[in-house]
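Below: the structure, in structure tokens.
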Amino acid sequence: MKTVSKLNIILSAVSGILILSLAAFVTLFLIEHKKLSSCTEKYYAVIDDSIFDEYFRTTDQSILPADFALISVSDFSTLDLNKSNSKKGPYACAVAFVTKDESMAFFDSKSENPLTKSYSLKSKYYFPSAPTDFNQLSSINMTNFTLSLSDSETLPDGNKALTVDSKYAGDEGYALEKKTSARCSVLVPDFSKSVLDFFDGFFQNRDILSDSIGFVAAVGDIMVERGVQEILIEDEDGLEKVFGTTLPILQNNDITIGNLEGAVTESTAKSYKSFTFKFHKEVLPELQKAGFNYLMQTNNHCYDYGEEGFRDSLAALKEYSIPTSGSGYTYEEAKKFYHTTVNGMNFAIISCGAFPVERTGFNGEKTATATDTRAGILWQNEELFEEIKKEKAAGNFVIVNAHAGIEYSRSPSKSQRELYERFIDSGADVVFGSHPHVIQPTEWYNGKVIVYSLGNFIFNDMADFASYGALDTEIVRLGVVNGKTVYTEIYPARINGTSVALK
């Protein structure tokens with residue numbers, strides 16, 4: 001992930017921020033100027049119009065201390081501030097003023113004035129970004145390089161956000177965080193305790209409105225036969241031995257997705273296929289420790305031990321509370337999305353099968369698809385596109401995991417490309433592909449990310465297929481802010497027997 005220093009972006013950032021409203025400054029000056037020592041009748045804490053309207057317009061005045069009232073700047077400007085013109089009633093005096101303060105985090109300075117206090121209201125992140133080149137992983141392509149500074153809503157399509165001093169938005173000390181605060185300045189010291197006590201209590205338990213951010217990562221095929229599951233289950237250092245240097249990446253996400261390439265069962269009733277894989281259920285908590293909190297089953301090995309083995313897989317995942325979707329005891333169950341919330345952001349995840357018929361004649365669509373009476377997987381269909389539309393309309397960040405494409409082909413097939421693009425057109429925010437056993441390109445499509453194939457990830461005994469690229473793998477990691485993909489990272493890795501490690 002690329003990083004940008006504060007000094008490189010500070011000039012751009014200054015132009016986009018408002019440290020203190022000029023209008024508020026002028027108003028404060030006028031209030032200070034008009035606040036005469038003769039003010040003795042009616043006392044007010046005068047509040048910036050926008051803050052007053054959002055927080056205090058409907059406040060029950062009975063909760064206020066008896067010695068002052070709240071009023072907006074606009075309303076205060078219409079009051080009689082002059083004792084000589086006070087025949088119609090009490091004249092007004094400002095004892096405190098609340099301004100709206102907007103500043104970037106790196107401009108923050110704590111006031112040591114006991115008569116001034118700030119209360120955080122909102123937080124918004126800004127991002128330096130550059131055009132994404134998924135094929136240029138180690139450095140930014142400086143040809144026609146441009147650096148943009150924007151929030152998540154205005155981040156240019158096809159750009160990826162860069163870290164700032166190696167920090168992501170949401171990390172403590174991230175420099176490009178725009179903070180909005182209510183700054184209370186007490187103008188008459190005698191009122192400091194009552195004024196500050198009131199605002200302390202008012203803002204104490206209120207949520208600070210902040211940009212939502214979450215990280216999603218995905219890897220390809222996880223096949224833990226051929227000696228891998230024994231290491232994970234029996235060796236106390238099994239996680240480190242199998243996942244190596246990929247562990248910090250896998251474990252540092254809100255959602256980490258893997259394709260579980262096989263059945264979790266003790267059944268011996270193999271299906272007639274070229275390869276059949278099965279795993280002990282005790283390996284599942286080890287995968288959880290590695291960071292995986294969603295495992296897809298909609299692949300061509302889910303029925304390696306028939307419906308019995310598939311039902312065993314469903315039961316094992318449920319036993320260890322590992323989410324999945326696109327799989328169920330009936331079609332109605334299989335078509336349900338998995339929903340989760342990350343920092344106030346809603347995610348909807350679905351997996352589906354669309355893989356070709358195998359050489360042995362195994363046809364996933366006919367054999368492994370869930371029906372009203374058969375446990376199985378969700379096969380891509382017209383209803384799925386409509387359900388994706390509904391999930392997006394409901395405000396979810398929609399993730400589609402698809403098992404499709406041609407094995408050992410490094411380019412997506414025409415039908416694979418059309419399917420994945422249609423998922424995006426229907427409302428998906430990202431498509432993670434698997435099945436080809438090799439990495440295929442990652443691309444932007446209409447401002448969304450499509451990973452055509454993540455390749456293998458844990459898959460021992462693939463040396464004979466090394467020339468196809470079957471030992472090369474990757475972790476794709478996305479940072480999602482307010483429902484938009486902002487950070488896009490690819491971590492290349494390589495399989496070495498029973499283990500995998502970053503390159």
Side-chain angles (χ1 to χ4, degrees), residues 1-17 104 124-171 174-178 211-218 249 253 397-399 410-412 417 420-421 423-425 427-433 439-455 472 474-493 502-503:
M1 188 63 190
K2 311 307 175 294
T3 186
V4 175
S5 70
K6 298 175 191 175
L7 292 178
N8 288 341
I9 58 175
I10 191 168
L11 293 178
S12 299
V14 169
S15 65
I17 58 178
M104 285 295 190
K124 188 175 186 66
Y125 298 117
Y126 284 80
F127 308 92
S129 69
T132 309
D133 185 350
F134 289 115
N135 297 315
Q136 188 117 8
L137 301 178
S138 60
S139 62
I140 294 176
N141 187 352
M142 299 305 293
T143 305
N144 298 322
F145 174 78
T146 58
L147 183 67
S148 301
L149 185 68
S150 57
D151 59 17
S152 60
E153 290 82 2
T154 58
L155 187 82
D157 284 348
N159 272 29
K160 68 174 180 178
L162 310 176
T163 56
V164 179
D165 286 345
S166 300
K167 295 181 183 294
Y168 296 92
D171 289 348
Y174 181 75
L176 294 182
E177 178 184 4
K178 181 181 177 182
D211 285 342
S212 300
I213 184 165
F215 283 90
V216 178
I249 310 301
N253 308 291
F397 185 91
V398 180
I399 299 172
R410 298 196 189 195
S411 300
R417 186 177 289 278
Y420 291 6
E421 289 179 355
F423 285 141
I424 298 294
D425 291 338
D429 292 282
V430 59
V431 177
F432 292 120
I439 294 172
Q440 291 181 349
T442 295
E443 299 176 357
W444 290 105
Y445 173 74
N446 288 346
K448 311 294 184 181
V449 174
I450 297 178
V451 185
Y452 283 100
S453 175
L454 289 152
D472 293 317
E474 64 187 11
I475 305 170
V476 176
R477 186 171 187 255
L478 307 178
V480 182
V481 180
N482 296 334
K484 181 173 181 177
T485 300
V486 171
Y487 295 104
T488 55
E489 303 175 2
I490 297 180
Y491 295 87
L502 297 178
K503 287 184 178 179

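We count residues from 1, following the sequence as given. Reckoned from all heavy atoms, side chains included, excluding hydrogens, waters and symmetry mates.
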Ignoring hydrogens and angles, state whether a donor on the side chain of Arg477 or Tyr487 is under 3.5 Å from an acceptor on the partner side chain.
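No, Tyr487 and Arg477 have no side-chain donor paired with an acceptor closer than 3.5 Å.
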Separation between [atom1] of [X] and [atom2] of [Y], rounded to the nearest 0.5 Å:
X: Tyr125; Y: Ser152; atom1: OH; atom2: OG; answer: 11.0 Å
X: Lys448; Y: Phe423; atom1: NZ; atom2: CZ; answer: 15.5 Å
X: Thr485; Y: Asn159; atom1: OG1; atom2: CG; answer: 13.0 Å
X: Asp151; Y: Asp211; atom1: CG; atom2: CG; answer: 7.5 Å
X: Thr442; Y: Phe432; atom1: OG1; atom2: CZ; answer: 9.0 Å
X: Phe127; Y: Leu162; atom1: CZ; atom2: CG; answer: 11.0 Å

Heavy-atom pair of closest approach, residues [X] and [Y]:
X: Ala493; Y: Lys503; result: O-CE, 3.4 Å
X: Val164; Y: Ala175; result: CG1-CB, 4.1 Å
X: Ala428; Y: Ile424; result: O-CD1, 3.4 Å
X: Glu153; Y: Lys484; result: O-NZ, 3.9 Å
X: Ser129; Y: Ala161; result: CB-CA, 3.9 Å

Please examine the side chains of [Y] and [X], heavy atoms only from C-beta on, and report whether any two atoms are closer than 4.5 Å.
X: Tyr420; Y: Tyr445; value: no
X: Ser453; Y: Pro412; value: no
X: Asp171; Y: Glu177; value: no

Can you tell me how the ring of Trp444 sits relative to the ring of Phe134, calling it parallel under 30°, perpendicular over 60° and tilted otherwise?
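Tilted, since the angle between the ring planes falls between 30° and 60°.
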Intermediate values then yes/no, salt bridge (Lys or Arg N to Asp or Glu O under 4.0 Å), Glu443 and Arg417
CA-CA 11 Å; Glu443 299 176 357; Arg417 186 177 289 278; 3.0 Å; yes
Only one of Val431, Val430, Asp429 forms a side-chain contact (heavy atoms from CB on, under 4.5 Å) with Val398, so which one is it?
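Testing each of Val431, Val430, Asp429 against Val398, the sole residue satisfying side-chain contact (heavy atoms from CB on, under 4.5 Å) is Asp429.
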For [X] and [Y], indicate whether the former's side chain and the latter's backbone hold a donor-acceptor pair under 3.5 Å.
X: Glu474; Y: Tyr491; result: no
X: Tyr174; Y: Tyr126; result: yes
X: Thr132; Y: Gly158; result: yes

